Protein chains: 2
Amino acid sequence: MRAFHRSKDPTIDSVAAAAGVSTATVSRFFNEPAMLSADTAARVRKVVDAMAYVPNRLAGALASSRTRVVATVIPTLSNSIFASTVQGLSDSLALHGFGVVLALSGVNDEHFKRQLMSIMGHRPDGIILTGAVPDPAIRARLEVSGIPTIETWDLPADPIDMVVGFSHEAVGRAVGRYVVKTGRRRILIVSAGGPRALARRAGFAKVLRNNGIPLPTVASFPGPTTYGHGRLAVAEHVNATTRPNLVLCSSDWAAHGAMDELRRKRLRIPEDVAVIGFGDLDFAAELDPALTTVKIDGNAIGAHAASLLMKRAQGERVREKIVDVGFELVVRASSPPDLAGTMTARPRGSAKIRGRPIRGPDS
Amino acid sequence: MRAFHRSKDPTIDSVAAAAGVSTATVSRFFNEPAMLSADTAARVRKVVDAMAYVPNRLAGALASSRTRVVATVIPTLSNSIFASTVQGLSDSLALHGFGVVLALSGVNDEHFKRQLMSIMGHRPDGIILTGAVPDPAIRARLEVSGIPTIETWDLPADPIDMVVGFSHEAVGRAVGRYVVKTGRRRILIVSAGGPRALARRAGFAKVLRNNGIPLPTVASFPGPTTYGHGRLAVAEHVNATTRPNLVLCSSDWAAHGAMDELRRKRLRIPEDVAVIGFGDLDFAAELDPALTTVKIDGNAIGAHAASLLMKRAQGERVREKIVDVGFELVVRASSPPDLAGTMTARPRGSAKIRGRPIRGPDS
DNA sequence: CTGAAAGCGCTTACAG
DNA sequence: CTGAAAGCGCTTACAG
């Protein structure tokens, strides 16, 4: 049944025959329309429409060795902070007729490798990764493949190829400096266990240390931190004997959970306990009190990655192989600048502290 | 530079030459390993490993007219209730060596069509759609393509090919019957404007009507309803003159927002106002009070769709082309069965009302 | 502006 | 169990 249908798929040959032109002309109709005379183009168009012909991209890719496909590897789809990046990437690429294939790598390293091998079989014109790749064997494979590769959402010291991201360590330090200013010293950290959350924690801890602030309590969870993690951490670590006055979370979801649980404990936010998140997801500004968090422009990361890839695809040399998109500490009511808990007068009740890119082009 | 690298990619010919076998043998090493003698297999394996050879799937697909790729079209990635479905699909397909390409259709109908055309160029072995396809032109294209197609998350009256979903109208009716039992009659609906949310509303309204309950107030929003929508709707529609005692939301996100805003207004949940969501997302059970909602097993939808596709790929005829996965009304503390607002004693404080599939196989 | 023809890297009857 | 060879549906110098 299927085979029957498939055999009926019009091909470039059948279209060419019906239009009375060569296959080269039909090919040019799609790929180099400017080369055709108006007459010829019209004739081809008519047949293409009539036959509902859709060029087989597999054959095209095989002949041209350009697939017009970009592969993206992300850990998971649910509760993924990378959703906006994939969206930005997909939107930008669509403008150039490029598609996106998504591979979900999970947390398992072996699975990641298998996914990558599978993806390389598709010979994508680009590979987008989230985070740095630790495994040297995989790195080597990517390097020899010659496929343009972009590591995103991080700023690896020794990148495989191109990078569009920001320094998590710098985020941690910026948050640390801000926390020092607020005067809060009893800190609970709700953190994911991944390398990037760890880097932020390291930057944060460094600043605290330099300022003689006691080491925070850390509630660590595998995978991205969820609403439930935030609740749980506060439920376990906030009690009569231990009462932090700041909860720093590795995701806005966890921050939301922390806020709800603090409230359940009859603690006021921010007067009793301030809360800081990470991500500036859609709901962060809508919370009550609005959430102080670190804004990452995931969409821009995707768009930027797309533009680098398109440059490469057009044979341009990419000079700035490392793009630091920076970040922004968005100060809102859940963790105001002063201990008292009243916001300094600000337009729209939010102040922004921009995280300057810490590296320049190609540095 | 890239071209240079690409030209170095080992091919099946170079592997065959190095191993002293024919290309057919190398092909069989990957696709029909049982056909090879242990000796031959070992020899090929050695060369494959040494050269880091990854078969070009484009060429393979072109030759065999099986791509081992399934295309999935979803509206958007952020705040998507379909995330679990894509995850389930992807996990199941990976087991069979199939990949997933994702197309984000957005809300725009024209964009959806373009995405679909682009996808058909990739000649996927299957297409997964979320929701029914209204446009007859698109339906026709899919039908003549002969590509196995699965409409999910809905139960269209006149499906294109296969279906894995549930009846939104039935969900609405089930929720309606439950609401009638709770005795609450002043209802605010926070709803998305899409066809499926509308179907649920219709089912719900029908039951209310039959029971002489006043028509609910409806706050409608385009796209999936978010946390912010829930807050906003409650902020606008709950006041001194209008005080619903039940807020029914078209997503758990909106329900969460509604809960937070109700609390801000010093209303008790569920004593003053009950809240019901949709989706049973990860945080629903963690909310305080835990959220009464409709559980949809998105993961199962994806897995089921994968299994239908694999059957087709193996040439099996699929007899039950319409699979109703049903749904489950999960009663939790945010909207208990009695008006008073105390939960009936239940193990784990949650009762489940299963939505039986309303259609049998092939009906 | 258009066409004839080689070639992209595989798969798969067919023959042995 | 293995191989020679045709063919999948395009693209693209090359020639005109």
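Predicted, not measured: the structure shown is a model, and the values here were computed from it. Below, all heavy atoms of this structure are taken into account, side chains as well, without hydrogens, waters or symmetry copies. Chain identifiers are assigned alphabetically (A, B, ...) following the order of the sequence lines, protein sequences preceding nucleic acid strands; residue numbering begins at 1 within each chain.
- Distance B:Ile12 CD1 to D:dC8 P: 18 Å, rounded to the nearest Å.
- Under the rule for a side chain to side chain donor-acceptor pair (under 3.5 Å), the partners of A:Ser37 that lie at least two apart in sequence or sit in another chain are A:Thr40.
- Distance B:Asp9 CG to C:dC10 C1': 14 Å, rounded to the nearest Å.
- By the side chain to side chain donor-acceptor pair (under 3.5 Å) test, A:Thr76 is found to be paired with B:Gln87, residues two or more places apart in sequence or in another chain being considered.
- A donor-acceptor pair under 3.5 Å is formed between the side chain of A:Asp125 and the backbone N or O of A:Thr67.
- For B:Ser65 and D:dC8, the shortest distance from a side-chain N or O to OP1 or OP2 is not below 4.0 Å.
- Looking only at distances, no side-chain donor or acceptor of A:Ser105 sits under 3.5 Å from a matching main-chain atom of A:Ala103.
- Where A:Ser64 and B:Ser22 each meet DNA chain D at their nearest nucleotide, the meeting point lying more 5' is that of B:Ser22.
- Taking A:Ser118 as the reference, B:Arg57 meet the side chain to side chain donor-acceptor pair (under 3.5 Å) condition, with sequence neighbours excluded.
- Only B:Leu62, listed by number, bring a heavy atom of residues 54-62 of chain B to less than 4.0 angstrom from any atom of DNA chain D.
- Rounded to an integer number of Å, the gap from CZ of B:Arg123 to C1' of D:dC10 is 11 Å.
- Taking atom C1' in both C:dT12 and C:dG16, one finds a spacing of 16 Å when rounded to whole Å.
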Using a 3.5 Å cut-off and no angle test, enumerate the donor-acceptor pairs between side-chain atoms of residues 14-29 of chain A and protein atoms at least two apart in sequence or in another chain.
unit_1  : atom_1 : unit_2  : atom_2 : d
A:Ser14 : OG     : A:Thr11 : N      : 2.8
A:Ser14 : OG     : A:Thr11 : O      : 2.8
A:Ser22 : OG     : A:Ala24 : N      : 3.4
A:Ser22 : OG     : A:Thr25 : N      : 3.3
A:Ser22 : OG     : A:Thr25 : OG1    : 3.3
A:Ser27 : OG     : A:Asn31 : ND2    : 3.4

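- For B:Asp91, there are no salt bridge (charged side-chain N to carboxylate O under 4.0 Å, His left out) partners at least two apart in sequence or on another chain.
- Remark: B:Tyr53 is in phosphate contact with C:dC10, judged by side-chain N or O atoms under 4.0 Å from OP1 or OP2.
- Listed pair B:Thr11 / C:dG9 fails the phosphate criterion, with no side-chain N or O lying under 4.0 Å from OP1 or OP2.
- For B:Phe82, the ring pair (Phe, Tyr, Trp, His ring centres under 6.0 Å) partners at least two apart in sequence or on another chain are B:Trp153.
- Less than 4.0 Å separates DNA chain D from at least one heavy atom of each of the following residues of residues 27-37 of chain B: B:Arg28, B:Met35, B:Leu36, B:Ser37.
- Contacts of A:Val26 with the nucleic acid, taken as non-hydrogen atoms under 4.0 Å apart, are absent.
- To the nearest 0.5 Å, atom CD1 of residue B:Ile128 and atom CG of residue B:Leu309 are 5.0 Å apart.
- Applying the side chain to side chain donor-acceptor pair (under 3.5 Å) test to residues at least two apart or on different chains, none of the pairs has a partner in residues 44-54 of chain B.
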List the atom pairs, with distances to 0.1 Å, where a side-chain N or O of residues 110-117 of chain A and a protein N or O form a donor-acceptor pair under 3.5 Å, not counting sequence neighbours.
none

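- Among C:dG9, C:dG3, D:dA4, the nucleotide with an atom closest to any side-chain atom of B:Ala24 is D:dA4.
- DNA chain D forms stems at C:1-3 with D:14-16, C:5-12 with D:5-12, C:14-16 with D:1-3, each a run of 3 or more consecutive Watson-Crick or G-U wobble pairs whose two key distances fall under 3.5 Å.
- Contact annotation: A:Arg66 reaches the phosphate of D:dT12 (side-chain N/O to OP1 or OP2, under 4.0 Å).
- A search for side chain to side chain donor-acceptor pair (under 3.5 Å) contacts involving B:Thr152 returns nothing, not counting sequence neighbours.
- C:dC14 and C:dC10 have their P atoms separated by 24 Å, given to the nearest Å.
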